[in-house]
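What follows is a set of notes on a single structure, which appears directly below.
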Amino acid sequence: MREPYDDRPGRARTVTRRQALGIGGALGLVAAGGLSASAALARRTPFTGAELRSAVPLPPAFQVPLPLPSVLEPVSTSGGVDRYEITQREATVEILPGVRTPLWTYEGSFPGPTIESRRGRPVTVTHRNDLPVPTVVHLHGGRTPAGSDGYPTDLVLPKGWPDAAHVTHAGPGGPGHVMHDPRAVVTELSRDYTFPLDQRPTLLWYHDHRMDFTAPAVWRGLAGLHVVRDDAEDSLGLPAGRRELPLMIVDRAFAADGGLDYPALDPTSRERPGVREPYLAGVLGDVILVNGAPWPVHEIDAARYRLRVLNASNARHYELEAITDDGHRLDLVQIGADQGLLAAPVVHRFLPIAPAERYDVVVDFSGVPVGGRVRVVNRLGSGRTRDVMAFRVAREATDDSRIPRVLSTDLPTWCRSDAVRVRDLSFRAGRMHGGHGWLIGGLPFAPARSDVTTGFGDVEVWRLIADVHHPVHLHLVGFLVLSRRDRPPLPHDAGLKDTVSLRPGESVEIITRFDGYRGRYLFHCHNAEHEDMGMMANLEIV
Ligand SMILES: [Cu+2]
């Protein structure tokens, strides 16, 4: 059967059972039979994307210690501003034991170094690009002026890049499709990004956001954490110090030479964007990494821990649960969402997390006997991808941490009657430049086109509707989830978010207020392959 989105005549294609059951079939139905048929099929599959298989032996689970990303030291703290320098460079790292893997990194490591910051204290990061391709940094979840928000065409060119005009000629249509952006601010070799961080404390993350090439750049290692804290949160008595753990979860696959496998049409990421056809819906790996280590294990006290979970995967969704070796499931007490603390804790038995979402969770290990193990598993995975990581309880310990019944009182209280307009936005597969694309409102991304223009301070309701899984992310603002499938939001939709997971066939309403800064921002799907294949739109605040 020829897939409707495959426009190359006579192209032979081997459909594996996995692809036939997965999104290849669902995508065909999007084009041929419309949304409802697609949703009916896709609902049976927990993933959107196709999985690469590693060509090197994989280590057993729960052997490699959990790494904790190093915290970056500022080069200066004078004048009320913390200044940092990060060099983006190639580095070879041992991810799988005994295997050398070349990466693109921030400062030589994956994840990149963590930046620790305080609410309202500005941070300036000078990023130097020593990689072979243009880059641009976005601080995901940051309340950032437009000039430092990492608009995809605001590129930092590496040394020796042919010429600035070259970057405007690599549109998703391949060579010849001109993606010209007259507003782009292109620099050579380096750029200063300024982050005021006048925002609720939370876990942010920085990653590459280059036009057409975000997915391969993040896959190769361009991602790191950025924490914002304040005195109010510090005073709550939550688990802290070494009992607060960032957990950046990604999936990757490894080629026979030890390098990361990725089905890019252009393995150099220089000219032609996009991925090979079976992976148009998203690239999944068969190795789960936490903080850059495969299925790691972490030794802990029998005490409460604060787990700050980020799904930094390109396309993989997880439904996390924590299970002891005797099959007992530990509560996941959610205290925060993408944009900081909830009003009150929410107890989950398992927690779905889409690409780019964060959950701030407290888990109480005090009931686990010393020597006991707690596995974190992904209910949506199978085989090796079902395991994520494990905790091994090493010792008894005192614990004076607490989870207050009131966590915060500063969440916005927007309601429907505050909204000055309602927008409908569809996130669906379609045609783009003569090939497959992922479209918002029927259109692929075009930097120079106006999509959403809103007034500074306006409250709006957006009704988002999806064909397959689309984690939708708004730059600059946090939002509240108002409804899901015309019903009340789910428990994990609580709090202020910046990314909401639309599941196949689902509609979600969100409400937000566009404030902070004026300028040109973005909203987009955070399935990184979808994002590179058109699923972004301009958000202009005037
Ligand atoms: Cu998407």
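Along the sequence shown, residues carry numbers from 1. Just follow the structure's listing: the first ligand is 1, and inside any ligand the first atom is 1.
- H469 lies apart from the Cu ion (ligand 1) in this respect, since none of its N, O or S atoms is found at a distance under 2.8 Å.
- Ionic pairing of R358 and D498 is present here: one or more N-O contacts between side-chain nitrogen and carboxylate oxygen are shorter than 4.0 angstrom.
- Atom ND1 is the N/O/S atom of H470 found closest to the Cu ion (ligand 1).
- Of all N, O or S atoms in H530, the one lying closest to the Cu ion (ligand 1) is ND1.
- With respect to R513 and D458, no salt bridge is recorded, no charged nitrogen being found less than 4.0 Å from a carboxylate O.
- Within the 4.5 Å cutoff, the side chain of R416 has heavy atoms near those of the L482 side chain.
- Residues I249 and V388 form a side-chain contact, since some pair of their non-hydrogen atoms from C-beta on lies under 4.5 Å apart.
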